Amino acid sequence: MIKFLDLHKINNRFRDAFQTAFSKSLDDAHFILGKNVTKFENEFAAYCGTKYCVGTANGLDALTLILKGYIHLGKLEKGDKVVVPANTFIATILSILHAELVPVLVEPNTETYNISTDIDKAILVEAKAIIMVHLYGQLADVESFNTIAKDYNCLLIEDAAQAHGAVTNSKTKTPISDINGNNYPIANKAGSLSHAAAFSFYPSKNLGALGDGGAVTTNDSELVEVLRLLRNYGSEVKYTNKIIGFNSRLDDMQAAFLGIKLKSLDKDNQRRREIAKAYLNGIHNSKLKLPYYNGSENHVFYAFVIEVADRDHFINFLDHNKIEWLIHYPIPPHQQRALQSFSHFNFALTEKIHKRIISLPMSPVLTDNEIQTVIDVLNTY
Ligand SMILES: *Cc1c(COP(=O)(O)O)cnc(C)c1O
């Protein structure tokens with residue numbers, strides 16, 4: 001059996017370091033917002049190339065708190081429209097609803113699966129924010145969206161939950177300005193390519209914890225101040241509450257584990273790209289549409305997503321050949337019961353993609369033999 005994602009194998013590489021960190025946490029007994037959170041926040045901000053990082057309980061909260069933070073700062077208002085790709089993981093859309101904003105779904109580019117830059121002018125004129133999701137680990141068209149956000153005076157937010165470590169290949173490295181007009185020339189990694197970015201450290205992500213975790217990265221000091229309050233009951237000083245907050249803190253022990261894994265992230269992403277290249281070079285089958293990849297570091301292959309016309313048939317074939325698979329995602333958000341109020345919309349491209357996509361095994365611990373087996377098996381389909 002070739003596993004889709006062997007979480008045991010992935011994490012077992014760090015067992016000794018995890019156990020040392022666990023013992024230290026147990027001894028220090030500072031479980032909530034302790035030194036490990038601050039240390040990881042500093043390291044992750046430096047990694048992404050932003051001034052700040054604020055740990056949160058998970059990725060959905062990271063997104064929601066960014067939006068709530070902007071509402072608190074008066075940069076967004078309840079009812080404002082937020083553009084979001086229709087084919088994203090539902091969490092992106094849920095965050096907009098939780099913040100009492102209005103999601104405006106738009107179709108993806110069918111080559112990259114990322115949000116299309118070809119958006120109706122009427123939509124952009126009304127939009128107050130755009131969330132670009134770096135879907136499957138590939139950066140969205142960051143340069144175009146920075147221009148669009150400037151032209152239409154929108155906040156630009158990244159959902160980078162699948163793209164830890166992805167690097168833009170933009171030569172110009174457009175300076176990203178924060179909402180106060182300050183420019184930051186360093187932007188080249190996911191998390192630094194917009195006004196604020198949300199990450200998830202859900203165990204299956206490229207940088208995954210041993211439980212839930214999330215973070216916001218940004219250069220915006222005002223937003224950071226609000227986020228630190230929002231995640232902790234609106235409180236900076238214990239039992240003094242400045243605003244109506246939540247409880248959404250990155251767990252201190254998870255922060256210690258994440259700090260250990262962060263050191264291997266670039267190497268792991270490089271291995272994912274190697275595997276992707278092996279699949280792309282090795283799989284030759286006209287029944288399977290392989291993903292677009294430009295060969296650069298702008299893709300960290302959270303998922304290797306292919307398309308097939310008769311998916312049920314292909315699934316039987318994979319099961320028979322003992323190759324695990326997953327679908328990211330089987331039902332588009334607007335057709336979920338939870339989002340019934342969106343069910344009258346037609347998103348033909350999104351719906352077509354959701355019927356045809358399937359993800360192949362992808363993780364830094366796949367062996368060369370396993371990769372070759374996947375290739376050989378798929379070539380006989
Ligand atoms: C995983 C994920 C999230 C949500 O992260 P959680 O930590 O599970 O809350 C949001 N957006 C995308 C694109 C994701 O893949």
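Counting starts at 1 for both ligands and their atoms, following the listed order. Predicted, not measured: the structure shown is a model, and the values here were computed from it.
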### Task
May I ask you to check if ligand 1 and Asp212 share an N or O to N or O distance below 3.5 Å?
no
### Task
Answer yes when Arg249 and Asp212 have at least one side-chain N-carboxylate O distance shorter than 4.0 Å, and no when they do not.
no
### Query
Can you list the ligand 1 atoms lying under 4.0 Å from a non-hydrogen atom of Gly59?
5 (O), 6 (P), 7 (O), 9 (O)
### Task
Could you name the option among Val133, Asn58, Leu60 that has the heavy atom nearest to atom 4 (C) of ligand 1?
Leu60
### Query
Looking only at protein heavy atoms, which one is nearest to atom 1 (C) of ligand 1, and how far off is it?
Lys205 NZ, 1.5 Å
### Query
How close do Asn36 and Ala255 get, heavy atom to heavy atom, and via which atoms?
O-CB, 3.4 Å
### Task
Run the numbers for me: atoms of ligand 1, each under 4.0 Å from some heavy atom of Ala91, listed by number.
3 (C), 4 (C), 10 (C)
### Query
Shortest non-hydrogen contact from Phe199 to Ala62?
O-CB, 4.0 Å
### Message
Checking the side chain of His195 only, and the main-chain atoms of Ile157 only, is there a donor and an acceptor separated by less than 3.5 Å?
### Response
no
### Task
For the residue pair Asp118 and Ser116, confirm or rule out a side-chain donor-acceptor distance under 3.5 Å.
no
### Message
I'd like to check which ligand 1 atoms, numbered from 1 as shown, lie under 4.0 Å from a non-hydrogen atom of Ala161.
### Response
2 (C), 3 (C), 10 (C), 11 (N), 12 (C), 14 (C), 15 (O)
#### Entry: Min N/O separation Asp159 to ligand 1 under 3.5 Å
yes
### Query
Are Thr64 and His98 close enough that a side-chain donor and a side-chain acceptor fall under 3.5 Å?
no
